[in-house]
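Below is one structure, written out as structure tokens; comments come after it.
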Amino acid sequence: VCGSTERSPFVERETFTFVRCSCDLVYKSRDQVPSSQQPPALWNERYTKRRRHRVAKSRRQILDLLNHVAPGPLLDVGCSLGYTMEAAKQLGLDAHGIDVNPDVLEMCRERGFDVEFGDVEGPYPFENDTFRMVIMKHVLEHTPDPRSAIREARRVLAPGGGLFVALPNLDFYRAARSPETHHFFNTGGNQHFVYYATRHLSRLLEQEGLQLARVHPHLWQRHATPLEKLASAALLPLRAVVSATRTRLDLRPEFWLMATQPEATLQR
Ligand SMILES: [Zn+2]
């Protein structure tokens, strides 16, 4: 992202090593990257549990993105069991998903979701400018080539569309304080190639021509229901304090980031 090749050892394990760039980005050595994309570990009960919670969270994330873009067709990259597509359908949106795992694709189809095989790095099986929203939740850390993924997202995003990204937060205080023992660099480290802080991702997105719209959740969602708005309004002062504190003290294990596709695109 920063263009530097300087790096220092960060965390060493038997099966992988993470290094730290001079810009603080943490990534796996390139020689430890498998030659072809392996499907992630088969989905298990961890993914089917708390379905309601996951759908509700996806709904909040889509509503956050709708603060920046007009409603329209949505693509969930790495759609897993379809929580985001379910939330999108509840909001009346045309929802599509791609994933590399044949098992989850089959389960999604059984649930009536519109899904295709597709890798996060691309190519995505869609024409240019197809979507108003592209969602990438916990997928960019799984690829050694995030730039390809961002370019592909941008290709299928219509002008004025928006990208929503959620990622493990490299700045999370526990991971920063003791990386040797933290999940990010143990079990998580097996499947993850890159750990970003918000500054790294926003830089990457801007390099690829997207405009940073928002880091972290919104306190107010324009397209929420009247009841949701009432609840938000009542809790607004409290939520503002909690949110600012979580950001300032690096209490967020994951971060959300939204960016938009410029309306007038001169060149892709
Ligand atoms: Zn760097």
Side-chain angles (χ1 to χ4, degrees), residues 1-38 40 77-78 119-122 134 136-155 157 163-216 246-262 267-268:
V1 175
C2 71
S4 170
T5 51
E6 269 177 54
R7 55 193 201 176
S8 51
F10 189 62
V11 173
E12 281 183 48
R13 295 264 167 256
E14 227 169 80
T15 49
F16 56 81
T17 302
F18 278 94
V19 295
R20 178 157 233 173
C21 181
S22 46
C23 72
D24 284 347
L25 186 78
V26 171
Y27 60 100
K28 253 181 200 168
S29 305
R30 191 85 197 183
D31 52 10
Q32 292 175 354
V33 173
S35 54
S36 68
Q37 279 293 293
Q38 303 281 332
V77 177
D119 198 303
V120 55
E121 290 170 20
V134 172
M136 291 181 162
K137 291 164 55 171
H138 292 271
V139 292
L140 277 182
E141 73 271 43
H142 291 268
T143 170
D145 191 3
R147 201 177 290 277
S148 290
I150 299 303
R151 286 184 181 164
E152 202 49 11
R154 217 190 141 195
R155 182 184 68 76
L157 262 183
L163 172 68
F164 180 101
V165 181
L167 280 172
N169 181 10
L170 177 62
D171 282 344
F172 180 46
Y173 80 101
R174 283 191 193 164
R177 194 178 53 189
S178 43
E180 293 289 339
T181 55
H182 193 262
H183 162 77
F184 285 1
F185 302 103
N186 288 281
T187 45
N190 279 317
Q191 290 192 9
H192 296 168
F193 292 108
V194 187
Y195 283 105
Y196 308 77
T198 56
R199 58 188 175 279
H200 303 116
L201 183 68
S202 44
R203 191 166 175 181
L204 176 63
L205 296 180
E206 283 174 347
Q207 283 171 359
E208 292 305 320
L210 291 160
Q211 293 171 338
L212 187 67
R214 170 82 186 182
V215 181
H216 301 314
R246 294 190 78 202
T247 303
R248 217 151 79 96
L249 301 182
D250 292 322
L251 303 181
R252 298 178 193 274
E254 69 168 5
F255 66 78
W256 299 4
L257 198 147
M258 286 153 260
T260 55
Q261 173 96 304
Q267 207 172 15
R268 290 280 158 83

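Counting starts at 1 for both ligands and their atoms, following the listed order.
- Side-chain atoms of Tyr195 come within 3.5 Å of backbone atoms of Phe184 as a donor-acceptor pair (strictly under, hydrogens ignored).
- Glu14 pairs by the side-chain contact (heavy atoms from CB on, under 4.5 Å) definition with nothing, not counting sequence neighbours.
- The side-chain hydrogen bond (donor to acceptor under 3.5 Å, both in side chains) search around Arg203 returns none, not counting sequence neighbours.
- Using cut-offs of 30° and 60° for the angle between ring planes, the Phe18 and Phe185 rings count as perpendicular.
- Excluding water, every protein N/O/S atom under 2.8 Å from the Zn ion (ligand 1) is given here by residue and atom: Cys2 SG, Cys21 SG, Cys23 SG.
- In this view, Arg252 and His216, Ser243, Thr247 satisfy the side-chain hydrogen bond (donor to acceptor under 3.5 Å, both in side chains) rule, not counting sequence neighbours.
- Residues Thr187 and His183 bring a donor and an acceptor atom of their side chains to less than 3.5 Å of each other.
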